[in-house]
Structure formats: C-alpha cells, structure tokens
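The sequence lines fix the lettering, A, B, ..., with proteins before strands; numbering per chain opens at 1.
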Amino acid sequence: MTGRSGAITDPVAADVFDGLTARRHPVSLTWDTAGLALAGHERGETIGWDHLTTIDWLPDAILLGRSDQPGWRLKLPPETPADLIARLPPRPRFGRWIDRFGFAKSLICGAAISAAVFYAVINSPNWLGRRLPVAWETGMSDDSIADIAANTCHTPASDAALAGLVARLDRDNADGHLPTVRVELVKLDLVNAVALPGGRVLVFDGLVKQIASPDALAGVIGHEIGHVRERHVMQAMLREFGLTMVLGGLKSGMSNTFGRLTALRFSREAETEADTWSRTQLAQANISPIPTANFFTSLEEQSPDSPLPISAYLNSHPDSASRAIGFQTAYRRDQPYRPALDEAQFRAVRQACELDTKAKPWVPKLFR
Amino acid sequence: MLSGGTGECRGKQGGVPVSEDEYVSDFEFDGNWREFAAIAFTNLLLTVATLGIYRFWATTRTRRYLWSRTLFMGDRLEWTGTGQELFRSGLMALVVVLLPLSVANWAVRLMIAHGYPIVGQILSLALLIMFYILVGTAIFRGLRYRLSRTCWRGIRGGSYHQGLAYGFGYAWKNAAGLLPLGVMFPWAMVSLWNQRWNAVSFGPWSFVARGRVRGLKLPYVWCYVAPLVGIAVVVLMVRSGTILTLFGFEPKTPLQWVLIRLPALFAFIFVFALITLGYYASFFRQMVRSTSLGDMNFSFNAGAVEWMELYLVDMLLIVFTVGLGSLFISYRHWTFYVRYLQTEGRISVDAVTQSATPSAHQGEGLLDAFNMGAL
Ligand SMILES: [Zn+2]
C-alpha cells in the first residue's frame with residue numbers, strides 16, 4: 001500500500017470491536033486514497049474514508065467508529081503515523097456548529113447575540129410602554145384602587161382649582177387628544193403623591209399640608225403628570241407583569257392596595273424624566289420653580305428615618321438635594337412668573353379634606 | 001461483511017476462538033481535575049454566551065470526559081449521547097409536559113377560587129398523582145437513556161420498557177411509603193430500586209436486583225429519632241448561649257441573639273444530616289450488593305462519613321468559590337461512585353453480546369424538566 005507521499009507505509013497494529021461482542025480483534029491497518037484496509041480480522045475489508053467517524057482522542061488511543069455500523073469501534077494506538085491521522089475526520093469537541101465555526105468566534109458571536117437579547121428584554125417595558133395606546137392603560141387600571149373613591153376629598157372650589165392647574169400644566173393636551181389627567185386629594189396624612197394607571201394622580205392630604213406655596217404644589221403635581229404623560233405608569237406595570245411572570249407569583253402576597261401603590265416604583269431615569277417634564281411645564285405656564293426647589297430642600301433636611309408621613313415621599317423619590325438643584329437652576333430672572341393658584345384657590349385645596357365631610361380617612365390595608 | 005445477527009453472535013460462531021472466563025477488576029478512573037476544569041470552564045463560557053442553551057452540549061461534553069477516563073478491564077467507557085438529542089428532548093418535555101401541566105394547575109386554581117372547591121380539590125389531587133407518575137417515568141427514562149448511551153468495547157445497555165409502569169409504581173409506592181407516618185418509606189425505596197434495575201440491562205444481561213428491607217430498619221429508626229436528638233442538641237447549645245453570657249457576653253440585639261445560637265443550628269443540621277446519610281449509606285450499600293449483572297456482583301463501601309464528606313466538601317466548594325465550584329460537582333460525584341464501587345465475578349468477552357434493546361430515541365428531557373439530573 002502507498003501513503004500520500006507514495007512511500008510504502010508499514011502496517012499499523014490496532015484493535016477492532018465489532019459491535020456484536022466485547023471481544024477484541026487485533027488487526028493490522030494499511031490505507032490509501034480509497035480507505036482504511038483491515039487485515040487479520042476474519043476476512044479483510046476496506047472501509048471508505050467517508051464511512052469513518054472520529055469518536056474521541058483518548059489519552060492512549062484514537063477511537064474511530066463507522067457511520068454504517070453502530071457499536072463498531074477501531075482503537076488506533078498512540079504511535080499512529082501522522083499521515084493516517086491527517087486523513088481522519090476532525091474529532092468532535094464542543095458540538096457540531098461550534099466546531100465548524102470555531103470556539104472563539106462562537107463565543108464572541110454568542111455573547112453579542114445574548115447581550116442584544118438581554119438588552120431588548122430589559123428595555124422592552126420602556127419601549128412597549130411608550131407605544132401602547134393610552135386607552136389600554138385605563139382598561140388595566142387596578143380594581144383594588146377603585147374603592148379609594150370614598151377617601152377622596154372633593155369641594156366644588158378645590159376641584160375647579162385642581163382642574164385649572166392641570167389644564168395650565170398639561171398644555172400639550174389643550175386640544176384634548178388624550179384623556180384629561182384627574183388629580184384628586186386623598187384623606188391620608190402621608191407626604192406623598194402617586195401616579196396611577198389611567199391618568200389618575202393622587203395627592204395625599206399630608207403633602208398638601210406640608211407644602212407652603214401653591215407653586216410647589218404645582219411642581220409636585222407636574223412631576224406626577226409627567227409620569228402619566230411619559231408613560232412611566234404603563235412601563236412600570238409591564239415591568240411588574242414581567243417580574244411576576246419570571247418569579248411566578250412570588251409577589252402575589254403583596255396584592256393589597258397599599259402594596260400595589262408602593263409596588264409601582266419608577267426607575268431613577270423615569271424620576272428624572274418626570275422632573276424635567278414638570279420643569280418644562282412650569283416654565284411654559286410661567287410658574288416659578290423656586291418654591292418646588294425649597295420644598296425638596298426642606299425634605300432633604302428630614303432624615304429618611306423620620307416618621308412615616310414624610311419618609312414615604314423620601315423612599316419613593318430619593319435624592320431630594322439634586323432635585324432641588326435641578327429646580328433652582330430652572331429659574332429665569334427675566335421671566336414674568338405668576339402664582340400657580342391664587343390665595344382663595346390654594347386655601348380651597350388645603351381645606352378640601354376638612355370641608356368634605358363625606359370623605360373618610362383612608363386606612364391602607366397594611367395598617368388594618 | 002461480518003457474520004452473525006445482532007445479539008446472536010455467541011461462542012464459536014464464525015470461527016472466533018472461545019475466550020476463557022476472565023476475573024473482572026474494579027472500575028478505575030485516570031482523569032484529573034485540571035483536564036476537567038478546561039472542559040468545565042469552556043462549558044460555562046459557552047453556556048453564559050448562549051443564555052443557557054449550550055447546557056445540553058455542556059452536559060454531553062462533561063459526560064464524554066468522565067466516561068472516557070473510566071476504565072473497566074483495561075478499556076474505557078464511552079458516552080455516545082449527543083447534545084442535540086438532549087436539547088430536543090428538553091424542548092419536548094417543556095412543550096408536551098411542563099407547559100400543559102402548569103396550565104392545568106392554573107385552571108384548577110381558578111376553579112377553586114371561583115366556586116368549585118370540591119371538583120377543584122379532586123382535580124388538583126389528580127394532577128398531583130399525574131405529576132408523581134411523570135416524575136417516576138422521568139427517573140426511569142433517565143436511567144434507560146444513560147445506559148443506552150454508555151458503551152464499553154462497543155457494547156451498550158438499554159431497556160425494553162417505556163417507564164410508565166415504573167411511573168405508576170413510583171406514585172403509589174411513594175404514597176404508601178409516606179402515608180402511615182413514613183413507616184413504610186424504606187420499603188418503598190427498596191422496592192423502587194428493584195423495580196427499576198430489574199427493568200434495565202447491559203449487553204446481553206438484564207440487571208438482577210434483589211434488595212431487601214431487612215437491615216435497613218435500625219438505620220431508619222435512627223432517622224426517626226434524629227429530630228429528637230437534634231432538639232436535644234439544640235437545647236444543649238442554647239444553654240451554651242447562656243454559657244456565653246456567663247462569660248460576660250450579653251446579646252444586645254436580636255441579631256446577636258441569633259448569632260450566638262448559630263453554632264447550635266449548625267450542630268443540629270450536622271447531626272441530622274449524618275443520621276440521614278447513615279440510613280442512605282446503608283440503603284445504597286445494601287442495594288448495590290444485592291444487584292448483579294450476569295456473573296458479576298457489585299459492592300459499594302462508602303459509609304455515612306464518606307457521604308457526609310462528599311456533600312460537606314461540595315458545599316464548602318460552592319460557598320468559598322461563590323458558586324463557581326458547582327462546576328466540579330459532577331466530577332466529584334462521578335469519581336466518588338467509581339472510587340467506592342467494587343466489582344467481582346467473571347466475564348467471558350464472547351458472552352458479552354450487543355444489547356438487543358431498542359435504542360432510546362428521547363434523551364432525558366423529562367428528567368431535566370423536573371430539574372433532577374444528578375450527573
Ligand atoms: Zn416620581
């Protein structure tokens with residue numbers, strides 16, 4: 001027999017297992033372009049190269065198989081000539097695709113694709129939240145919050161004042177192409193305000209009492225309207241939905257109203273966006289940003305460990321100091337600022353929860 | 001071409017000389033953890049880079065290494081399974097079993113919540129039974145798959161059974177074993193061991209498992225008493241908390257109160273684990289000894305201390321490498337089994353004929369779906 005170079009090669013001693021019994025059959029191997037010839041095991045035979053498969057490179061042998069005979073094994077000794085090894089199919093290592101493509105290349109490509117998928121999944125709530133119709137959000141609004149109607153404070157004067165303030169801040173919606181944002185006062189001594197699904201904003205009475213200026217109230221309400229208009233509510237709901245899908249209802253124990261209110265957390269980026277929205281709208285409505293900045297400064301002086309009414313706002317809206325600076329720098333010396341509400345209107349809002357005798361104090365289920 | 005039909009090639013046929021019976025030797029392992037680490041870390045990289053999809057191929061690579069470094073009578077074992085078949089069966093299990101099961105579970109919950117409590121309870125019990133049957137079937141199929149992909153000198157294992165009978169056995173024997181305060185649990189374990197090993201084979205021989213409960217009762221009684229022993233230990237160690245206070249250490253915060261009692265908790269877990277493993281070691285030792293293949297008998301001489309060491313080092317390895325050590329668990333466990341498994345008896349290589357069992361087409365997807373793959 002002749003090798004590739006044309007020189008005569010000595011036969012190589014090897015072992016064959018025929019796949020029928022566990023007996024070892026010693027054979028001597030020769031090879032040429034047609035295939036691998038086995039002699040010494042029963043009748044001699046030649047196996048075509050395309051029928052041979054490399055199964056593994058073992059510490060003491062190269063193990064070959066046959067694609068047409070499962071269980072047939074040929075054990076080549078370690079001293080197999082390089083000429084024969086070169087003719088063998090490559091050994092399987094990481095898996096067919098990766099072996100063909102290369103390990104490093106596969107790793108880099110895989111990592112790139114995975115990173116893209118990961119990024120898309122993480123950002124899908126934000127992307128989707130902005131594009132889903134506003135009407136859907138109303139449909140998704142939480143039933144467990146509907147019962148809060150009994151705890152909201154309404155007087156004709158306060159309702160009119162708040163509606164006027166919303167109209168002044170939400171000027172982009174002057175034509176009414178989106179549902180109007182409803183701002184309601186809740187009889188609860190908590191310094192906080194929340195944006196709910198369906199364009200609903202709740203301002204707790206504790207916050208109204210804490211605030212000294214109608215302009216600061218406008219700043220805070222503007223921030224919450226910002227959450228609504230920038231679709232943060234929808235984004236947060238989608239994120240929560242995705243989380244419960246992943247965690248498998250781990251959070252279902254939190255399904256009481258108070259849990260829902262606090263569960264709709266917005267990201268830091270969303271908070272910054274809402275602040276920006278608020279500042280822009282204050283500026284176009286000619287409302288000074290300074291009282292809002294002062295309000296945040298006053299919060300900054302409170303520690304997060306202060307009693308619940310104040311820490312609530314600090315917990316859901318961190319970093320009051322930098323927010324105060326943001327509103328301070330929005331001040332324009334030459335702008336003709338007017339108050340957000342006149343004295344009578346502001347008084348009406350502040351007294352709404354005392355005057356509306358039908359409003360019951362809200363006791364979140366958590367405290368019941 | 002070679003003569004002889006599959007599985008019929010015995011003795012003198014075809015002029016092959018009859019082999020003398022050979023005494024079998026133990027399994028040997030000649031791999032090392034450095035070689036294994038190269039496989040484990042590239043597996044980890046590829047698994048992360050493919051968001052976990054590569055894990056099926058990773059399993060295959062790991063097994064191919066472990067099997068190929070394990071020698072029996074001078075020849076290496078061979079893992080012939082592929083990542084592709086594992087991936088396909090994993091996907092199948094997810095779509096055909098896990099998804100319908102979770103949908104059914106969800107529907108039953110809705111029924112209970114919406115005014116059909118009795119029907120809902122009955123259906124949820126039926127679901128639980130079905131789940132147990134599926135788990136049992138998965139365990140059997142996992143074993144069958146592994147045997148059918150394990151090759152030695154070109155000969156493989158397998159089974160004629162589909163595993164459903166074992167699934168039913170698994171469900172009712174576990175129920176019977178647990179119901180009367182767990183008294184029958186050893187019986188259930190032994191009976192299930194026999195049932196599954198008697199249904200699988202390697203080469204021409206079916207495994208023969210004749211495990212008995214006798215000899216397991218005392219270790220099991222200890223398991224029963226273990227919690228009481230544990231409580232005694234805890235009481236002792238809580239007293240040791242007061243010993244600490246005698247030395248002038250007063251727990252001021254709840255955290256400190258917990259911290260000084262932490263040794264008590266660890267002692268309880270340690271003692272309880274040792275007793276449980278004592279039972280398991282006896283069970284495993286006894287079952288392996290009563291299982292045979294052809295003229296070969298097996299024994300397994302790891303006791304409670306060896307098992308404890310195995311799991312304790314596993315735990316430390318994982319904790320001190322922030323989870324990275326879990327890559328080596330399969331290596332550690334495989335070498336543990338190889339180290340303590342002993343074989344004796346005689347074997348005639350001509351009598352070791354190819355398995356005539358149908359080669360299992362599905363991998364261990366079901367087992368994987370229930371997150372129960374041991375190796
Ligand atoms: Zn906010």
Side-chain angles (χ1 to χ4, degrees), chain A residues 15-25 38 41-43 45 47 53 55-66 68-75 91-99 101 103-118 120-121 245 248-249 252, chain B residues 1-11 13-17 19 30-31 35 42-43 45-54 56-58 60-61 64-65 68-69 73-76 78-80 82-84 102 151-156 203-204 347-355 359:
Chain A
D15 288 329
V16 163
F17 299 100
D18 59 14
L20 303 176
T21 73
R23 169 166 286 282
R24 179 201 313 269
H25 301 279
L38 277 62
H41 166 45
E42 301 187 2
R43 282 155 283 173
E45 59 172 334
I47 305 155
T53 55
I55 287 172
D56 209 351
W57 287 10
L58 301 172
D60 48 10
I62 294 174
L63 197 62
L64 303 181
R66 276 176 76 153
D68 54 348
Q69 274 184 39
W72 185 93
R73 293 290 182 266
L74 174 61
K75 246 174 96 173
R91 66 167 166 153
R93 295 191 64 192
F94 299 101
R96 208 191 307 158
W97 293 353
I98 298 175
D99 287 347
F101 203 52
F103 171 73
K105 257 194 208 169
S106 307
L107 192 64
I108 293 166
C109 284
I113 295 169
S114 299
V117 169
F118 189 72
V121 167
M245 289 289 281
S252 59
Chain B
M1 278 304 297
L2 296 159
S3 58
T6 49
E8 306 271 321
C9 181
R10 275 174 180 266
Q13 204 180 347
V16 179
S19 63
D30 71 349
E35 277 178 352
T42 45
N43 275 346
L45 284 178
L46 287 166
T47 306
V48 170
T50 55
L51 292 173
I53 296 172
Y54 188 73
F56 303 101
W57 284 266
T60 302
R61 277 185 80 210
R64 213 167 52 203
Y65 177 77
S68 73
R69 297 305 186 269
M73 300 183 70
D75 274 289
R76 291 167 189 281
E78 181 194 334
W79 177 257
T80 61
T82 65
Q84 205 183 346
S102 48
C151 232
W152 176 75
R153 295 191 179 180
I155 304 299
R156 64 173 174 85
I347 190 174
S348 157
V349 288
D350 286 323
V352 185
T353 54
Q354 186 59 284
S355 174
S359 90

Side chain to side chain contact (heavy atoms under 4.5 Å, CB included) assessment of A/Ile98 paired with B/Trp57
CA-CA 10 Å; A/Ile98 298 175; B/Trp57 284 266; over 6 Å; no
If you define the side chain from C-beta out and look only at heavy atoms, does anything of [X] sit under 4.5 Å from [Y]?
X        : Y       : value
B/Thr353 : A/Thr21 : yes
B/Arg153 : A/Arg24 : yes
B/Arg69  : A/Leu58 : yes
A/Asp60  : B/Arg76 : yes

Residue, of B/Thr42, B/Thr50, B/Val48, that accumulates the most heavy atom pairs under 4.5 Å with chain A
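Option with the greatest count: B/Thr42.
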Residue among B/Gly154, B/Gly31, B/Gly203 with most heavy-atom pairs under 4.5 Å to chain A:
B/Gly154
Quick one: does B/Arg64's side chain have a donor or acceptor within less than 3.5 Å of a partner on A/Arg93's backbone?
yes
Between A/Ser114 (side chain only) and B/Ala49 (backbone N and O only), is there a donor and an acceptor less than 3.5 Å apart?
yes
More than 12 foreign heavy atoms under 6.0 Å from CZ of A/Arg96: is that the case here?
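At most 12 heavy atoms, drawn from other residues, nucleotides or ligands, come within 6.0 Å of this atom.
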Go through A/Asp15, A/Ile55, A/Ile113 and name the one with the most non-hydrogen pairs under 4.5 angstrom from chain B.
A/Ile55
Just so I understand: if I count every heavy-atom pair under 4.5 Å between each of A/Gly71, A/Pro59, A/Pro92 and chain B, which residue has the most?
A/Pro59
Using non-hydrogen atoms only, which part of [X] is less than 4.5 Å away from chain B: side chain, backbone, both, or neither?
X        : value
A/Leu107 : both
A/Leu63  : side chain
A/Phe118 : neither

If one checks every heavy atom of B/Gln84 against chain A at 4.5 Å, the contacting part turns out to be side chain
Chain A contact via B/Thr80 - which portion, at a heavy-atom distance below 4.5 Å:
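Only the side chain of B/Thr80 comes within 4.5 Å of chain A.
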Roughly how far, to the nearest 0.5 Å, is CG of A/Asp56 from CD of B/Glu78?
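Here the rounded value is 7.5 Å.
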Let me confirm one number: the CG-CZ distance from B/Leu45 to A/Phe103, rounded to the nearest 0.5 Å.
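B/Leu45 CG to A/Phe103 CZ: 5.5 Å, rounded to 0.5 Å.
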Nearest heavy-atom neighbours spanning B/Gln354 and A/Gly19
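Answer, listing the atom of B/Gln354 first, then A/Gly19: NE2-O, 3.0 Å.
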Kindly give the heavy-atom pair with the smallest separation between A/Val117 and B/Leu51, and that separation in Å.
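The pair with the smallest heavy-atom distance is CG1-CD1, 3.9 Å.
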The criterion is ring-ring contact (aromatic ring centres under 6.0 Å, His included); which residues satisfy it with A/Phe101, sequence neighbours excluded?
none
